[in-house]
Amino acid sequence: MDLGLKNKVALVAAAGRGLGKATALRLSREGARIAICARTEASITSAARNIMHETGGEVLPLVCDVTDKEQLQAMVGRVIDAFGGINILITNAGGPPAGVAASFTPDDYRAAVELNLMSTIELCYQVLPLMKKNKWGRIIAITSVAARQPIDHLILSNTARAGVLGFLKTLSAQVATEGITVNAVCPGYTKTERIEELAAMFAKTGQGTVEEFYRKIEADVPMKRMGTPAEFASAVAFLASEGASYITGVALPIDGGYIKALF
Ligand code: NAP
């Protein structure tokens with residue numbers, strides 16, 4: 001199936017590894033021209049090299065901390081200089097630390113909001129004018145199932161990500177006549193280093209062993225397994241495609257059936 005992504009320019013944030021990198025790889029396989037960022041130069045350069053080796057496509061690696069407005073502005077400017085515009089924006093960032101209410105102060109919530117909510121808002125504001133000019137755009141925010149169904153030990157994530165959905169849903173209606181779709185994807189447990197961090201935290205806080213963590217999360221998923229980054233990226237690529245032109249304002253779980261709500 002041709003997704004119609006050849007020569008589209010995609011900016012994928014927080015893509016040195018994990019879900020962001022898998023998404024960039026998939027979009028590159030579909031013929032898109034890719035810009036990716038992370039904070040660590042070595043990891044983003046190696047991710048770009050890796051993707052180019054796999055696909056033969058163009059991949060521009062950029063060092064950027066998505067919580068820093070000036071760095072975001074500079075990054076968007078460099079993508080425009082290199083590729084002439086941005087058609088597809090994938091917002092993403094690391095996840096905030098795991099813990100319960102008693103483990104945090106209000107400053108920790110501020111940091112989580114900067115990391116997951118404000119980075120999404122900043123990037124959307126910077127890229128939307130380009131999409132409006134072109135009368136075409138795809139904005140896809142990588143969030144979490146926690147945005148739709150709070151997870152007990154992830155109070156920072158639950159709080160910040162709910163705000164992301166509120167912003168995107170409202171924005172989606174406001175740009176709907178301009179050829180721009182705005183959606184969120186909500187990964188469930190997917191095999192990346194983030195999951196290894198959560199497993200280590202589970203063990204460190206005396207909740208059980210790392211193996212028990214994996215058994216517990218897999219038991220909670222109707223498919224009885226974690227997802228793979230490639231499965232996640234397939235769904236994102238579809239939302240970015242020409243074929244998804246009538247899908248907007250959706251928060252799509254990619255979770256093996258983990259979310260218990262009706263829709
Ligand atoms: P990951 O494996 O930890 O990768 C995160 C990537 O983001 C890294 O490349 C990291 O590189 C980059 N990054 C982190 N903070 C950044 C910042 N401030 N600015 C720019 N880049 C940054 O995580 P993942 O599993 O791919 O998850 C991606 C997002 O989905 C996270 O928010 C995570 O909480 C969420 N999520 C994941 C799962 C899962 O099962 N994997 C489930 C639900 C939600 P640097 O450190 O070099 O910056």
Side-chain angles (χ1 to χ4, degrees), residues 11-26 35-48 50-51 61-72 74-76 90-99 111-120 122-123 140-151 153-165 184-202 213-214 216-218 220-221 223 225-233 235-236 251-256 258-259:
L11 168 58
V12 186
R17 59 179 195 235
L19 304 180
K21 182 182 171 195
T23 300
L25 172 64
R26 180 59 199 266
I36 53 176
C37 82
R39 293 164 303 178
T40 318
E41 182 158 19
S43 89
I44 203 65
T45 310
S46 124
N50 200 260
I51 296 170
L62 296 163
V63 175
C64 174
D65 181 338
V66 298
T67 62
D68 184 314
K69 185 178 170 179
E70 276 75 37
Q71 288 187 34
L72 284 175
M75 173 173 73
V76 168
I90 313 291
T91 70
N92 188 24
V113 165
E114 284 293 329
L115 179 65
N116 294 119
L117 174 58
M118 289 313 300
S119 66
T120 306
E122 278 290 353
L123 268 172
I140 300 162
I142 298 180
T143 64
S144 168
V145 285
R148 302 250 333 242
Q149 177 175 297
I151 298 173
H153 58 286
L154 290 181
I155 194 164
L156 297 180
S157 180
N158 298 340
T159 306
R161 294 189 200 272
V164 176
L165 294 195
V185 280
C186 306
Y189 293 111
T190 316
K191 278 182 208 152
T192 70
E193 287 181 36
R194 167 72 173 164
I195 286 297
E196 289 167 20
E197 277 168 25
L198 293 178
M201 183 58 73
F202 182 84
F213 173 83
Y214 287 119
K216 183 176 157 11
I217 60 174
E218 290 183 344
D220 283 347
V221 180
M223 287 191 183
R225 66 172 179 90
M226 282 191 273
T228 67
E231 287 175 309
F232 172 83
V236 180
L252 178 70
I254 305 165
D255 67 349
Y258 173 83
I259 289 184

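Every number for a ligand or one of its atoms is a count from 1 in the order of the listing.
- Ligand 1 has T143 within reach: a non-hydrogen atom of the residue lies less than 4.0 Å from it.
- The option from G227, A160, G94 that lies nearest to atom 14 (C) of ligand 1, judged by heavy atoms, is G94.
- Closest to atom 9 (O) of ligand 1 among all protein heavy atoms lies G16 N, 3.1 Å.
- Every N/O-N/O distance between Y189 and ligand 1 stays at or above 3.5 Å.
- Nearest-heavy-atom check against atom 20 (C) of ligand 1 across C64, C37, A14, G95 picks out C64.
- With salt bridges taken as basic N to acidic carboxylate O contacts below 4.0 Å, one links E197 and R17.
- Using a distance-only test at 3.5 Å, with no hydrogens or angles considered, a donor-acceptor pair links the side chain of T143 to the main chain of V185.
- Any N or O atom pair closer than 3.5 Å counts here, and G20 shares no such pair with ligand 1.
- Residue P187 has no N or O atom closer than 3.5 Å to an N or O atom of ligand 1.
- Of all atoms in ligand 1, numbered sequentially from 1 with element shown, those under 4.0 Å from a heavy atom of I195 are 39 (C), 40 (O), 41 (N).
- In the vicinity of E193, heavy-atom distances shorter than 4.0 Å reach the ligand 1 atoms 2 (O).
- Residues I44 and L62 form no side-chain contact, since every pair of their non-hydrogen atoms from C-beta on lies 4.5 Å or further apart.
- Which of E114, M75, R39 comes nearest to atom 16 (C) of ligand 1 through a heavy atom is settled by distance: it is R39.
- Here's the thing with T192: one of its N/O atoms is less than 3.5 angstrom from an N/O atom of ligand 1.
- In this structure F202 satisfies the ring pair (Phe, Tyr, Trp, His ring centres under 6.0 Å) test together with F213, sequence neighbours excluded.
- Heavy-atom contacts of G18 reach the following atoms of ligand 1: 2 (O), 26 (O) (cutoff under 4.0 Å).
- Among all protein heavy atoms, the one lying closest to atom 33 (C) of ligand 1 is R161 NH2, 3.7 Å.
- A donor-acceptor distance shorter than 3.5 angstrom exists from the side chain of N116 to the backbone of G94, with no hydrogens or angles considered.
- In this structure, the side chains of S119 and T91 stay at 4.5 Å or more apart for every pair of heavy atoms.
- Not close to ligand 1: E41, with no non-hydrogen atom less than 4.0 angstrom away.
- Heavy-atom proximity to S144, at under 4.0 Å, picks out these atoms of ligand 1: 43 (C), 44 (C).
- Side-chain N or O atoms of N50 include none that pairs as donor or acceptor with a backbone N or O of S46 at under 3.5 Å.
- Here's the thing with T190: one of its N/O atoms is less than 3.5 angstrom from an N/O atom of ligand 1.
- In this structure, CE on M223 lies 8.5 Å from CG on D255, to the nearest 0.5 angstrom.
- Put simply, the side chain of Q71 gets close to the backbone of D65: a donor and an acceptor are under 3.5 Å apart.
- Atoms CG and CZ, on L19 and R194 in that order, are 10.5 Å from each other to the nearest 0.5 Å.
- With respect to atom 47 (O) of ligand 1, the closest heavy atom belonging to the protein is T40 OG1, 2.4 Å.
- Interface atoms of ligand 1 facing A93, defined by a heavy-atom separation under 4.0 Å, are 28 (C), 29 (C), 31 (C), 32 (O).
- The shortest side-chain heavy-atom distance between I151 and Y258 falls under the 4.5 Å cut-off.
- Without hydrogens or angle criteria, R148 side chain to P253 main chain gives no donor-acceptor distance under 3.5 Å.
- If you check which protein heavy atom lies closest to atom 4 (O) of ligand 1, you get R17 NE, 3.3 Å.
- Side-chain contact between V221 and M226 is absent, with no heavy-atom pair separated by less than 4.5 Å.
- In this structure, L123 and V76 have side chains that are in contact, with non-hydrogen atoms separated by less than 4.5 Å.
- A donor-acceptor distance shorter than 3.5 angstrom exists from the side chain of T190 to the backbone of G188, with no hydrogens or angles considered.
- In terms of protein heavy-atom proximity, atom 42 (C) of ligand 1 is closest to G188 O, 3.2 Å.
- Considering backbone and side-chain N/O of L115, none are found under 3.5 Å from N/O of ligand 1.
- Among all protein heavy atoms, the one lying closest to atom 11 (O) of ligand 1 is A38 CB, 3.6 Å.
- Atom 28 (C) of ligand 1 has as its closest protein heavy atom N92 OD1, 3.5 Å.
- Residue A15 has no nitrogen or oxygen atom sitting less than 3.5 Å from a nitrogen or oxygen atom of ligand 1, judged on distance alone.
- Scanning all protein heavy atoms for the shortest distance to atom 18 (N) of ligand 1 gives D65 OD1, 3.0 Å.
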